[in-house]
Each structure stands twice: as C-alpha cells, then as structure tokens.
Amino acid sequence: MNTPTFKAAAAVGIETVAVIGLGYIGLPTAAILAGNGVKVIGVDVSATTVDAVNRGEVPFVEPDLGINVAGAVAQGFLHAQKETPQADAYIVAVPTPFLADKTADLSYIEDAARAIAPQLRGGELVILESTSPPQTTARMAQVILDARPDLSLDGSEGRPAVLFAHCPERVLPGRVMIELVTNDRIVGGLNPGAATAATALYKVFCLGEILETDATTAELSKLVENAYRDVNIAFANELSIVSKNVGVDVWELIELANHHPRVNILQPGPGVGGHCIAVDPWFIVAADPENARLIRAAREVNDSKPQYVVDDILAPVADQDSPTIAALGLAFKPNIDDMRESPAVDIVHKLATQRPDAKILVVTPHSNVLPKKLEGFPNVTSVTANDAIAAADVVALLVDHDKFRKIDTASLAGKHVVDTRGFWRTDVAGQAS
Ligand code: SAJ
C-alpha cells in the first residue's frame with residue numbers, strides 16, 4: 001500500500017476516485033485502484049450490482065477479478081453505492097451502445113455527467129473511459145459546465161477549472177486484470193493539465209507506457225484500433241468465401257501467406273461478435289460517412305458472414321423434412337460465456353426462423369442458459385456435445401472452445417460438417433463443407 005505510484009496520484013491531489021459504471025471495465029479499474037491504496041467509491045444504477053460488490057462479489061465472469069474485489073472491499077478501500085459522491089477524480093465507464101441508425105447512444109455518459117456536476121467544487125479530474133465517437137469528451141464537459149456555470153475549462157473569470165480527459169480502455173475480455181497493468185495507455189487531455197493529472201492517476205497501477213495526446217485523438221485512436229482489427233477479420237472472412245468458391249482450404253492458404261515476413265492475415269470465422277469490434281467501427285463511419293468506405297465495407301462483410309454460414313448449414317438438408325442440426329458454441333469467442341452480439345447466436349436464430357421444422361441442438365459448455373434472443377423457439381434445445389452430434393444430420397462448429405477438443409472426431413463420420421473455425425481441419429479433412 002501507499003506505493004510511490006500511489007503518492008504520484010496524491011501529489012496531483014487525487015486521494016479519492018469515483019468510478020461510474022461497475023461493468024466489465026469499471027469494476028476491474030475500481031478494484032485495481034483500490035488494491036493499490038486509493039479510496040474508491042464505485043457507482044452503479046443497478047442495486048443488484050451495488051449489493052454484490054459490497055459483499056465482495058462480482059456479477060460476471062472475469063478471471064482474478066473476484067479475489068481483487070473481495071480483497072479491496074474487505075480492506076475498506078472499495079465501496080459501492082447508487083449515488084454519485086464528491087471525489088477528487090471521476091472515471092466514467094458506462095456503456096455506449098449504438099442506436100438503430102448505427103450512431104452512438106451517449107445518454108449513459110450524459111446521465112453520468114449530470115450526476116457528477118452538482119458534486120464538483122473545482123479542481124477535480126473527470127476521465128471518460130467509455131469508447132466514444134470523436135468529441136464526446138468535449139460534449140461530456142459541456143453537459144457538466146452547462147449545469148455548473150460557476151466552473152470552467154481554464155479557470156478564467158474566477159471560475160475554478162475542472163480537468164477533463166479521455167483514456168480509452170483497451171483490455172481484452174478474459175485477460176482484463178493482466179492487461180490493465182501491462183498494456184500501454186493513451187491519455188487525451190481536453191484542457192491544460194488534464195493529461196498530466198490523468199497520467200499520474202493511471203501510474204498508480206499501469207506499468208505500460210502512458211502516452212499523452214489531445215482528447216479527440218485519444219477517442220479516435222480507440223475506434224481505429226478496433227476498426228483495424230475488424231477490417232483484417234473482414235479480409236479473412238472474404239477470403240474464406242473466395243477460397244471455397246475456387247476449391248481452396250482457406251486455413252492452409254492463410255498459413256502459407258503468413259510465412260511472408262510482412263503478411264499477417266487473421267482467422268476467418270462465423271462473423272464478428274462482442275460489444276466492441278462489431279460496434280466501434282460504426283462510430284467512425286458516422287463521423288465521416290462519405291469517406292469511411294473501407295471501414296463500412298468491412299463491417300458489411302463481417303455482418304453478412306452469419307447468413308453465409310446459415311446457407312452452408314441448410315444446403316445439404318434443403319430437401320429433407322425436419323432435419324437435426326447440432327450447433328456447437330454460442331459465445332462470441334472461445335472459452336468465455338459472453339454471448340453479446342455473438343454471430344453464433346445470430347446463426348442459430350436465423351436457422352430457427354428460416355427452418356422452423358428443423359430441430360436445433362445447441363451446445364454451450366460455459367453457460368447453462370440460452371440467450372434471450374433464442375428464448376421462445378420450441379425447435380431450439382440445449383444438450384451435450386455427444387448427444388447433439390449423435391442425433392445430427394449437420395454439425396456446425398460455431399465457437400472453437402477448448403472443451404470441444406474432447407469430442408471424438410470419429411463421431412462426425414457420415415455427418416455434414418460445417419466447421420466455421422477450421423477447428424477439425426486436419427482431423428476430418430475431406431468432410432468439412
Ligand atoms: N475474431 C475472428 N478472427 C480473428 C480474431 C477475432 O473472427 O482472427 C472474432 C472473434 O471470434 C470475436 C470478434 O472477432 O467474435 C472479436 O474478438 P477479439 O478477440 O478480436 O476482440 P474483443 O472484442 O474481445 O476485444 C477487442 C480488443 N481490441 C483489439 O484487439 C484491437 C480489445 O483490446 C479491446 O479492449 C476491446 O475490443 C474493447 O473493449 O474495445
């Protein structure tokens with residue numbers, strides 16, 4: 001406790017931090033700050049989340065987070081509540097989902113800003129961590145200053161300044177507690193002194209390089225990182241379709257091409273899921289719809305992949321009444337339970353809708369519950385992998401969970417196999433369609 005890094009934050013006047021939004025990013029950040037001796041008040045609109053955190057529990061799955069939260073609460077450094085308190089610094093980590101027109105819904109950020117405004121005395125640091133379109137930090141600051149005309153951005157006319165910064169999170173779900181410490185961090189200041197103060201705060205726990213810039217560059221850098229990955233996955237997904245049409249194994253093709261010293265193609269799959277990569281590129285498109293053509297095309301390629309997979313699954317049973325389809329995996333990527341924006345869920349939903357006579361047996365090794373989108377479909381049932389495969393006419397591998405390695409590939413003999421991940425490429429060569 002009270003390490004030199006903690007003193008660095010204290011040196012810029014930060015001893016208490018309020019973290020607004022105790023989700024996948026806010027709670028780990030709150031726990032790690034508290035674990036380093038900062039007094040942290042976690043704020044969430046959900047009473048269930050607040051109660052869970054105060055019991056030292058975590059309401060979602062993330063390795064090592066539970067022990068950090070339990071420890072921080074037990075030692076009295078972390079406490080959760082529904083009301084926004086007075087603090088020296090605020091970290092806003094609330095959702096920024098997209099609306100039907102693919103623009104960002106900033107209402108959670110604005111609500112957080114309106115709740116922070118009455119607590120300010122001047123001199124505080126307000127950091128936006130939520131992934132946001134360009135100029136959102138400025139908008140958050142404006143909401144606060146509209147509510148508090150006695151405060152300012154520059155301390156002019158005797159109105160005390162409040163510091164605003166954008167520090168996007170870049171951690172990978174499943175590795176959050178490690179990457180929070182080891183990743184480099186971008187810190188974008190909106191007004192003088194903000195980036196320096198934010199850097200001092202992140203130095204409490206971040207061992208990576210902390211790179212200072214302006215707020216808009218920081219906002220765009222986060223979006224660009226995820227758009228870069230989306231474009232590269234779209235390239236792989238497009239290749240998977242072209243390769244199939246010319247009779248080539250896409251995984252072998254990519255493996256060979258990647259031997260080139262300056263080529264590094266990603267892996268094709270059933271589409272792109274999760275709450276980041278499938279969403280963030282749209283914020284760039286919305287910022288400049290005429291010119292963000294490649295980014296938009298990549299989104300469209302990745303978004304169209306689930307229907308392509310559905311067509312592949314249904315083709316061999318087009319003339320068969322009531323076929324049985326095994327769908328292995330529903331998560332948005334391997335070895336997790338998170339099904340948000342999952343292409344596998346989309347594929348099963350499309351199968352159930354397009355072939356209501358089909359029996360769809362889903363296998364979810366990391367979760368006991370079907371997602372809401374699949375509730376109310378009598379033709380979708382959850383079973384074990386062995387039962388699903390034994391009964392199936394078509395076996396669709398949708399997620400490359402390690403647990404599926406236990407499946408005896410001999411059980412796939414005689415089945416139509418749609419292997420969207422190249423999981424069984426070497427084991428059942430010649431069977432995969
Ligand atoms: N995917 C492929 N092929 C690949 C790699 C991924 O189809 O070669 C698919 C995955 O199966 C999944 C989707 O892409 O459906 C996204 O998975 P991911 O592992 O690429 O990324 P996320 O969404 O878990 O986390 C990303 C990360 N961003 C980058 O790697 C640039 C993470 O660092 C960010 O913090 C996170 O988004 C976020 O919160 O924005």
Side-chain angles (χ1 to χ4, degrees), residues 21 23-29 60-63 93-98 104 129-133 166-186 208 218-241 250-251 254-255 257-258 263-284 295 298-299 301-306 308-309 328-347 397-402 419-423:
Y24 288 80
I25 298 302
L27 186 53
T29 305
F60 51 88
V61 178
E62 180 60 46
V94 295
T96 39
F98 63 18
E129 274 209 18
S130 312
T131 303
S132 305
H166 181 60
C167 306
E169 60 78 15
R170 301 146 98 198
V171 288
L172 198 69
R175 285 177 47 83
V176 170
M177 298 312 287
I178 298 164
E179 292 203 358
L180 267 179
V181 175
T182 57
N183 284 4
D184 293 344
R185 200 101 207 186
I186 297 172
E219 288 158 347
L220 201 54
S221 68
K222 168 62 195 260
L223 303 180
V224 163
E225 289 161 15
N226 280 352
Y228 168 85
R229 196 154 166 85
D230 197 46
V231 168
N232 280 278
I233 299 168
F235 184 73
N237 277 334
E238 188 164 286
L239 282 184
S240 72
I241 297 170
V250 69
W251 286 280
I254 290 173
E255 200 178 308
N258 282 350
V263 174
N264 186 16
I265 305 169
L266 294 180
Q267 297 299 303
V272 168
H275 42 289
C276 310
I277 295 192
V279 175
D280 301 354
W282 287 118
F283 297 170
I284 303 179
I295 295 169
R299 271 293 62 245
V301 167
N302 286 333
D303 273 353
S304 65
K305 192 73 196 288
Y308 178 86
V309 173
L328 303 192
L330 284 181
F332 87 84
K333 62 182 197 174
N335 308 325
I336 58 169
D337 65 342
D338 194 339
M339 298 181 190
R340 286 177 297 170
E341 314 285 333
S342 172
V345 173
D346 190 22
I347 287 165
L397 188 291
L398 302 179
V399 187
D400 43 345
H401 289 307
D402 289 344
D419 180 358
T420 68
R421 296 281 180 179
F423 192 69

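For reference, positions follow the sequence shown, starting with 1. First listed ligand is number 1; within each ligand, the first listed atom is number 1.
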query: Quick one: does His275 get an N or O within less than 3.5 Å of an N or O on ligand 1?
result: no

> Is it true that a side-chain atom of Glu169 and a backbone atom of Gly26 form a donor plus acceptor pair closer than 3.5 Å?
Replying inline: no

message: Between ligand 1 and Leu172, is the shortest N or O to N or O distance under 3.5 Å?
response: no

min-distance protein heavy atom vs atom 4 (C) of ligand 1 -> Gln267 O, 3.6 Å

Discussion item. Are more than 12 heavy atoms, taken from residues, nucleotides or ligands other than Phe235, located less than 6.0 Å from that residue's CZ atom?
Written reply: no

Heavy-atom proximity to atom 31 (C) of ligand 1, picking from Val399, Thr131, Asn226, Ile336, points to Asn226

Item to complete: Look only at interatomic distance and state if Glu225 has a nitrogen or oxygen under 3.5 Å from any nitrogen or oxygen of ligand 1.
Response: no

Distance col, row Thr29:OG1 vs Leu180:CG, nearest 0.5 angstrom, shows 5.0 Å

Can you find an N or O of Gly273 that's nearer than 3.5 Å to an N or O of ligand 1?
yes

The atoms of ligand 1 lying under 4.0 Å from a heavy atom of Arg421, numbered in the order shown, are 2 (C), 7 (O), 11 (O)

Rounded to the nearest 0.5 Å, the CD1 atom of Ile347 sits from the NZ atom of Lys305 at a distance of 8.5 Å

re atom 9 (C) of ligand 1, the protein heavy-atom contact at minimum distance is Ile233 CD1, 4.0 Å

Ligand 1 atoms nearer than 4.0 angstrom to some heavy atom of Pro173 are 24 (O), 25 (O)

* To do: Show the numbers, then the answer: is there a side-chain contact (heavy atoms from CB on, under 4.5 Å) between Lys333 and Leu172?
  => CA-CA 11 Å; Lys333 62 182 197 174; Leu172 198 69; 3.6 Å; yes

Atoms of ligand 1 under 4.0 Å from any heavy atom of Cys276, numbered from 1 in the order shown, are 36 (C), 37 (O), 38 (C), 39 (O), 40 (O)

Contact region, Val171 to ligand 1, non-hydrogen atoms below 4.0 Å, reads backbone

Decide, yes or no, whether a salt bridge links Arg170 with Glu225 under the criterion of side-chain N to carboxylate O below 4.0 Å.
yes

protein heavy-atom neighbour closest to atom 33 (O) of ligand 1 works out as Arg170 O, 2.8 Å

When distances are taken from atom 21 (O) of ligand 1, the protein heavy atom at minimum range is Ile277 CD1, 3.5 Å

In terms of its nearest heavy atom to atom 19 (O) of ligand 1, the top option of Lys222, Lys333, Glu341 is Lys333

Value for CD (Gln267) from CD1 (Ile254), rounded to nearest 0.5 Å, stands at 5.5 Å

Glu169 heavy atoms within 4.0 Å reach ligand 1 at atoms 35 (O), 38 (C), 39 (O), 40 (O)

Rounded to the nearest 0.5 angstrom, the CD-CD1 distance for Glu62 and Ile336 is 9.0 Å

Sidechain-backbone polar pair: Ser130 side chain, Pro95 backbone, donor-acceptor under 3.5 Å: no

Honestly, for Arg229 the part within reach of ligand 1 (heavy atoms, under 4.0 Å) is side chain

request  = On the 0 to 90° scale, with breaks at 30° and 60°, tag the Phe332-His275 ring pair as parallel, tilted or perpendicular.
outcome  = perpendicular

Across all chains, not counting sequence neighbours, the salt bridge (Lys or Arg N to Asp or Glu O under 4.0 Å) partners of Glu129 are Arg185

_Tell me whether Phe332 has any N or O atom under 3.5 angstrom from an N or O of ligand 1._
yes

_Are any of the N/O atoms on Glu179, whether in the backbone or the side chain, positioned under 3.5 angstrom from an N/O atom of ligand 1?_
no

